[in-house]
There are 2 protein chains.
Amino acid sequence: MPRTPLPEARRTLGALLRHAYEALAEEVYGALPARGFPEIRRAHGAVFRHLPPAGARLTELAIAAGMAKQSMAYLVEDLARLGHVESRPDPEDGRARRILYTARGRRLLELLLRLSAEAELRLAARIGIEEAATLRRALERLAPA
Amino acid sequence: MPRTPLPEARRTLGALLRHAYEALAEEVYGALPARGFPEIRRAHGAVFRHLPPAGARLTELAIAAGMAKQSMAYLVEDLARLGHVESRPDPEDGRARRILYTARGRRLLELLLRLSAEAELRLAARIGIEEAATLRRALERLAPA
DNA sequence: TTTCTTTCGTCAGATTATCTGACCACTAGC
DNA sequence: GCTAGTGGTCAGATAATCTGACGAAAGAAA
């Protein structure tokens, strides 16, 4: 028998993280339809989380997001079709394509960031500012540099 | 212009939560093949997170996991095929089925809980015991009662 | 400068994990 | 005993990933 009692399955750290993430994602992505972006799905976040304002190559994006380049290509193509990014041939490399935000895509990125910040503020109001700050600090220590 | 500067997309609270969850899930589920359960995928976790030792009905499981009963049925059928759960007609209700762990399923549940506890301990070693405790506390305040 | 190797992206095809709608069997409430 | 509601399945769709094979371009080596 283990010294420490095993946690309930719903109370493992992983389950708690998943739940918090799920709730936050729902707040952010759930707000998009009413804000004029009903076509955006959570999977698109993989692009917005990793595409810097100056643009990036497809393969860079795929690596940053930790997925196959084919998978990233599928998301990027979708966002291009929806008018949020465009993919232009890279002048510096004839094989490569540069993924860039359109004006609409930049507005969406800003909206996502604003909604995220607001959701974090609401969370802080629920659990306490101090508590929320330590939560963020702990998570930041786990994130890659 | 917003008073607070917008966060970088990779530093929203959601992105941080997602990253931490992803890392933890990888530790736990990544260990399964070497421990004799190569057939278990992350989606199966929806069952193990919500199926109590005494069993439950399919619809209860679906509601607890926040998914359609058809989706839960797909996961349960898969785990039944793999010998981790079995689904028997409910003696108290002729329409219903009771989902129960097999002996193998119970061992897997225990392993998952143990791996989760170990991953949490390693995380605490990385960021500090105090920090990990406050992380858990904050997340628990966000979880449903 | 020709060749070899690696990298960038696409094509084709598969699988997993979800959903919705329609339905049947059974229970429960009047 | 009807009628309404619930538990579960069937059928079909879609989203979001993957792997393998490949062509074109770049970079390294000869």
Side-chain angles (χ1 to χ4, degrees), chain A residues 18-19 21-22 25-26 29-30 32-33 37-51 55-82 84-100, chain B residues 18-19 21-22 25-26 29-30 32-33 37-51 55-82 84-100:
Chain A
R18 153 189 281 272
H19 180 268
Y21 169 68
E22 195 59 30
E26 184 49 39
Y29 287 90
L32 291 183
F37 296 98
E39 73 278 21
I40 298 304
R41 304 187 301 275
R42 284 196 201 178
H44 294 137
V47 177
F48 290 99
R49 267 195 305 280
H50 299 287
L51 184 58
R57 289 195 186 160
L58 181 61
T59 300
E60 288 172 346
L61 274 182
I63 290 170
M67 55 171 54
K69 49 193 181 172
Q70 295 94 323
S71 308
M72 182 52 78
Y74 160 82
L75 295 174
V76 164
E77 191 198 317
D78 212 46
L79 286 174
R81 182 178 57 79
L82 296 167
H84 297 290
V85 302
E86 55 182 336
S87 127
R88 314 187 42 176
D90 188 326
E92 324 218 321
D93 187 332
R95 299 164 298 180
R97 315 203 120 252
R98 254 196 117 60
I99 316 303
L100 300 163
Chain B
R18 154 189 280 270
H19 179 268
Y21 169 68
E22 195 58 31
E26 184 50 37
Y29 287 89
L32 291 183
F37 297 97
E39 72 277 20
I40 299 303
R41 304 186 302 276
R42 285 194 200 180
H44 293 138
V47 177
F48 290 99
R49 267 196 304 280
H50 299 287
L51 183 58
R57 288 195 185 161
L58 182 61
T59 300
E60 288 172 346
L61 275 181
I63 290 170
M67 55 172 54
K69 49 192 182 174
Q70 295 95 323
S71 307
M72 183 51 79
Y74 160 83
L75 295 174
V76 163
E77 190 198 317
D78 212 46
L79 285 174
R81 182 178 56 80
L82 295 167
H84 297 290
V85 303
E86 56 182 336
S87 125
R88 312 187 44 176
D90 188 326
E92 324 218 322
D93 188 333
R95 299 164 296 179
R97 317 203 119 253
R98 253 195 118 60
I99 316 301
L100 300 163

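We name chains A, B, ... by the order of the sequence lines, and we start the count at 1 in each one.
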- For Ile99(A) and Ser87(A), the nearest pair of non-hydrogen atoms, with its separation, is CD1-CB, 3.6 Å
- Message: Which is more 5' along DNA chain D, the nucleotide nearest Gly66(A) or the one nearest Ala96(B)? Just name the residue.
- Response: Ala96(B)
- Task: Using atom CG of Asp90(B) as one end and atom P of dT6(D) as the other, report the distance to the nearest whole Å.
- Result: 17 Å
Show me the donor-acceptor pairs within less than 3.5 Å that the side chains of residues 58-75 of chain B make with the rest of the protein, sequence neighbours left out.
residue, atom, partner, partner atom, Å
Glu60(B), OE1, Arg57(B), N, 2.9

- Task: Identify the heavy atoms of Glu92(B) and Asp90(B) that sit nearest to each other, and give their distance.
- Result: N-OD1, 2.7 Å
- Taken to the nearest whole Å, CE/Met67(B) to C1'/dT14(D) is 16 Å
- Query: Can you tell me how far C1' of dA24(D) sits from CZ of Arg57(A), to the nearest Å?
  - Reply: 14 Å
Please write out each protein N/O paired with an N/O of nucleotides 3-7 of chain C under 3.5 Å, distance rounded to 0.1 Å.
residue, atom, partner, partner atom, Å
dT7(C), O2, Arg95(A), NH1, 2.5

- Item | Ser71(B) side-chain proximity, nearest of dC19(C), dA26(D), dT16(C) | dC19(C)
- Message: Side chain of Ala68(A), heavy atoms from C-beta onward: which of dT19(D), dA15(D), dA25(D) has the nearest atom to it?
- Response: dT19(D)
- For Glu39(B), look at atom CD and say whether over 12 heavy atoms of other residues, nucleotides or ligands are found less than 6.0 Å away. yes
- Task: Calculate the interatomic distance between Asp78(A) atom CG and dA15(D) atom C1'; express it in whole Å.
- Result: 9 Å
- Item | Length of the line joining Tyr74(A):OH and dA12(C):C1', which is rounded to integer Å | 16 Å
- Message: Using whole Å, what does the distance between atom P of nucleotide dA28(C) and atom CG of Asp93(B) come to?
- Response: 6 Å
- When the distance from NZ of Lys69(A) to C1' of dT10(C) is rounded to whole Å, what number comes out? 9 Å
- Message: Using the side-chain hydrogen bond (donor to acceptor under 3.5 Å, both in side chains) criterion, which residues pair with Arg95(A)? Sequence neighbours excluded.
- Response: Asp93(A)
- Task: Return the value, rounded to whole Å, for the distance between atom CZ of Arg18(A) and atom P of dA17(C).
- Result: 12 Å
- Task: Output all residues satisfying salt bridge (Lys or Arg N to Asp or Glu O under 4.0 Å) with Glu86(A), sequence neighbours left out; order by chain, then residue number.
- Result: none
- Does a donor on one side chain and an acceptor on the other come within less than 3.5 Å for Arg42(B) and Tyr29(B)? no
- Query: With sequence neighbours excluded, what pairs up with Phe37(A) under the ring-ring contact (aromatic ring centres under 6.0 Å, His included) test?
  - Reply: His84(A)
- Message: So if I take residues 40-51 of chain B and measure heavy-atom distances to DNA chain D, which residues fall below 4.0 Å?
- Response: none
- Quick one: pull up NE2 in His19(B) and OH in Tyr21(A) and give me the separation to the nearest 0.5 Å. 13.0 Å
- Message: By nearest atom, which of the nucleotides dC26(C), dT10(C), dT9(D) is closest to the Gln70(B) side chain?
- Response: dT9(D)
